[in-house]
Amino acid sequence: MNDLERLQMRFEAAVQAARDETALEEVRAAFLGRSGEINAIRRSIGRLAPADRPSAGKAINDTVERMETVLGERQTVLAALDVQRKLEERIDVTFPATQPQVGSIHPVRRVIEDACAYFERHGFAVVLGPEVEPAYYNFDALNIPEGHPAREALDSFWIDDTLLLRPHTSPMQIRTMQLHKPPIAIVAPGKCYRRDAVDARHLFQFHQIEGLLVAEGIHFGHLKGMLAGLCRALYGPYQRVRFRPSFFPFTEPSAEVDTTCPKCQGKTTACSMCGGAGWIELGGAGMVHPNVLREVGYDPEIVSGWAFGFGAERLALARYEVDDIRRFIDSDPDFLEQLA
Ligand code: DAH
């Protein structure tokens, strides 16, 4: 291998090692520049015998030509790499941003808020009360005296002999009527507690929405109208409501209120939501018992009223077509996101 070939090899290695235009220019200057290695070799031609000079000159020119080709190729490659790098570094402002994790309103809370909003549109006030109540508000004032079997049905958590976690929101009827003169129009949403075994339909802590309207001339028709309107507000304009005769000590007459199963609309016998009944039970209602009105100092000869107490989880089950009430307290983000 002669000197020129060795030079060519060193040149090519240097060119490949050059990572950018500036480094490549330095290589070019070192080999092909005015005081570069090629010129040094050219100057040495003078020392050769005259007969050898033309072939030496040609060999040098050939080498220079090859070097320039190599240089040009590397330049093309570096330019392409440069473009690619710039493309990769560019910020695409149209690219969708990473979504931050945000929560959503719990379906039970949403149904409570929507129900309250419906009543507020009709002039009702929303009132909240204590979850630990004396037996007086939970039972006695609601026409459920000591020893009454209805007291047993509301399997309660007792704090001591007279205080308990409220098993229903009905105490708020008494508290409101004791504080205000009629007319009264309130809804009272909130947590309730019962010693119930947890299954697909029961929780030991759940929510109710209580409603109470007391004024002169109030009758059962007003109750039916408002509750049918509530179901249409929550489930859609064709929702129907059914009243079944029932018994509650604090209302007379009393009714159990059902709404058409939103899943099958009463059309199938194998519906997982209503078990083929076609109806979902929402809770109790009725005309406020005269004893309850008397207890708070109202005159049942002058005023009358209706009341209802619905399970909020029941309202939500029917609305979101959920077949197990425990899903609401599982805290499973996938489930909650679907209903958000
Ligand atoms: N408090 C009753 C319960 O939890 C439900 C209820 C029935 C409430 C009739 C009412 C009513 O206001 O009028 O089982």
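Quantities reported herein were computed from a predicted structural model and do not represent experimental measurements. We number each residue from 1, following the sequence as shown. We count ligands from 1, going down the list as the structure has it; atoms in each ligand are counted the same way.
- Annotation: Gly284 places no N or O atom under 3.5 Å from an N or O atom of ligand 1; distance criterion only.
- Evaluated for a salt bridge (Lys or Arg N to Asp or Glu O under 4.0 Å) with Glu281, the options Arg242, Arg201, Arg244 yield exactly one hit, Arg244.
- Interatomic distance, CZ of Phe139 versus CD of Glu146, reported as 10.0 Å (0.5 Å rounding).
- By the criterion of a heavy-atom distance under 4.0 Å, neither the backbone nor the side chain of Trp306 is placed next to ligand 1.
- Of all the heavy atoms of Ala285, the ones lying under 4.0 Å from any atom of ligand 1 belong exclusively to the backbone.
- Under a 4.0 Å heavy-atom criterion, Arg194 is in contact with ligand 1.
- Residue Ser170 approaches ligand 1 through these ligand atoms, each under 4.0 Å from one of its heavy atoms: 1 (N), 8 (C).
- Near Thr251, meaning under 4.0 Å from any of its heavy atoms, are these atoms of ligand 1: 13 (O).
- Here the closest heavy-atom approach between residue Phe335 and residue Arg327 is recorded as CE2-O, 3.4 Å.
- Annotation: cation-pi geometry not satisfied between Arg194 and Phe206 (NZ/CZ under 6.0 angstrom from ring centroid, within 45° of ring axis).
- Looking only at heavy atoms of the protein, atom 5 (C) of ligand 1 is closest to Gly309 O, 3.9 Å.
- Ligand 1 has no atom lying under 4.0 Å from any heavy atom of Gly283.
- Between Lys263 and Asp323, none of the side-chain N atoms (NZ, or NE/NH1/NH2) sits under 4.0 Å from a carboxylate O, so this pair counts as no salt bridge.
- Below 4.0 Å from some heavy atom of Phe248 lie the following atoms of ligand 1, by number and element: 7 (C), 9 (C).
- Atom 11 (C) of ligand 1 has its closest protein heavy atom at Phe250 CE1, 3.6 Å.
- Between His168 and Phe250, the shortest heavy-atom contact is CE1-CE2, 4.2 Å.
- Ion pairing of Arg66 with Asp62 is absent here, as no side-chain N (NZ or NE/NH1/NH2) approaches a carboxylate O to less than 4.0 Å.
- Taking atom 12 (O) of ligand 1 as the reference point, the nearest protein heavy-atom neighbour is Glu210 OE2, 2.7 Å.
- Checked by distance only, ligand 1 and Ala307 come closer than 3.5 Å through their nitrogen or oxygen atoms.
- One side chain, Asn61 or Arg42, offers a donor N or O that lies under 3.5 Å from an acceptor on the other.
- Taken to the nearest 0.5 Å, the CD atom of Gln75 stands 5.5 Å off from the CD atom of Glu21.
- Listed by atom number, the atoms of ligand 1 under 4.0 Å from Gln208 heavy atoms are 3 (C), 4 (O).
- Atoms of ligand 1 found under 4.0 Å from any heavy atom of Gly286 (numbered from 1 in listed order, with element): 13 (O).
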